[in-house]
Amino acid sequence: MTKPLSVIPTQRSEDWWQQRHQQKLDERLSLGSKLDIVFLGDSITHAWEAEGVAAWQHYYAHQKTLNLGFAGDRTEHLLWRIQNVVIDGLCPKMLVLLIGTNNAGHRHDLPEEIAAGVKQIIEELKKRLTDTKIVLMAIFPRSRNNKKPMRKRVDLTNQLIKQYTDTEWVFWLDINHYFLTKEDVLLESVMPDLLHLNAAQYWIWALQIKLIQ
């Protein structure tokens, strides 16, 4: 049986991606091994350094916190990064993982394929971070309503990946209801492109993380 692309570690070739990978390797060395929080993910995590910078400064500037979000990453790219030094030797108290939306959007992977990639990531993290609390985020909602194919794909994926949590080592955190109306509608006032958070939502995300630290 052919493995889905979502579980095959894959390095990206873009210059900026390679440069950021090296930059983050250097940053983690400067911080040392004992960290408070590591964020691991795609553009939504990457944007703690842009839209989320004010919330980051408020909640994390006084902590030893490392942002390992790379715009455009799918599960297979994150797997490659985990297997290529970026996590090895670290001992964070908490790791926050948010990944999968680009598998749904770029390649239209099936929920089962996205979930398989997330599961592989968790297994790799558990091997490397034996004393770390892993917080698996529900993939944030996308598209305007729950009748849209992309929203359905993400919602079904979340149902699957929630099963990988155990309340002992890997914890589930679903904050999607903060981003939606009572009718389950996603508005541009929350995510301007119906995918990426605006600045205000990073404050919400940060607060919810603080409540479980």
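The backbone N or O of Val86 lies less than 3.5 Å from a partner atom in the side chain of Arg28, making a donor-acceptor pair.
In this structure, Thr75 OG1 and Asn103 CG are separated by 4.0 Å, a value rounded to the nearest 0.5 Å. Here the CE atom belonging to Met137 is positioned 13.0 Å from the CG atom belonging to Leu40, to the nearest 0.5 angstrom. Rounding to the nearest 0.5 Å places CZ of Phe171 at 7.0 Å from CG of Asp166. One distance of note links CG of Asn84 with CD of Gln11; it measures 7.0 Å at 0.5 Å rounding. Atom CD of residue Gln120 and atom NZ of residue Lys3 lie 7.0 Å apart, to the nearest 0.5 angstrom.
For Lys127 and Glu124, the salt-bridge test passes: some basic side-chain N is under 4.0 Å from an acidic carboxylate O. Between Lys93 and Asp36 a salt bridge is recorded (basic side-chain N to carboxylate O distance below 4.0 Å). The pair Asp174-Lys162 does not meet the salt-bridge criterion, since no charged nitrogen lies less than 4.0 angstrom from a carboxylate oxygen.
Atom NZ of Lys119 is surrounded by 12 or fewer heavy atoms from other residues, nucleotides or ligands within 6.0 Å.
For the pair Arg128/Gln83, a side-chain contact is recorded, criterion being any heavy-atom separation below 4.5 Å from C-beta on. Gln18 places none of its side-chain heavy atoms less than 4.5 Å from the side chain of Asp15.
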Phe70 and Trp17: CA distance, side-chain angles, deciding distance, ring pair (Phe, Tyr, Trp, His ring centres under 6.0 Å) verdict: CA-CA 7 Å; Phe70 282 50; Trp17 193 92; 5.6 Å; yes
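Here Arg74 pairs with Glu76 under the salt bridge (Lys or Arg N to Asp or Glu O under 4.0 Å) rule; sequence neighbours left out.
Screening Glu14, His46, Glu27 for a side-chain hydrogen bond (donor to acceptor under 3.5 Å, both in side chains) involving Arg20 leaves a single residue, His46. Each of Asp193, Thr101, Asp155 was compared with Arg142 under the side-chain hydrogen bond (donor to acceptor under 3.5 Å, both in side chains) criterion, and only Thr101 meets it.
For the residue pair Gln201 and Asn198, a side-chain donor N or O sits within less than 3.5 Å of a side-chain acceptor on the partner. No hydrogens or angles considered: a donor-acceptor pair under 3.5 Å links the side chains of Asp26 and Gln22.
Among residues at least two apart or in separate chains, there is no ring-ring contact (aromatic ring centres under 6.0 Å, His included) pair with a member in residues 86-107.
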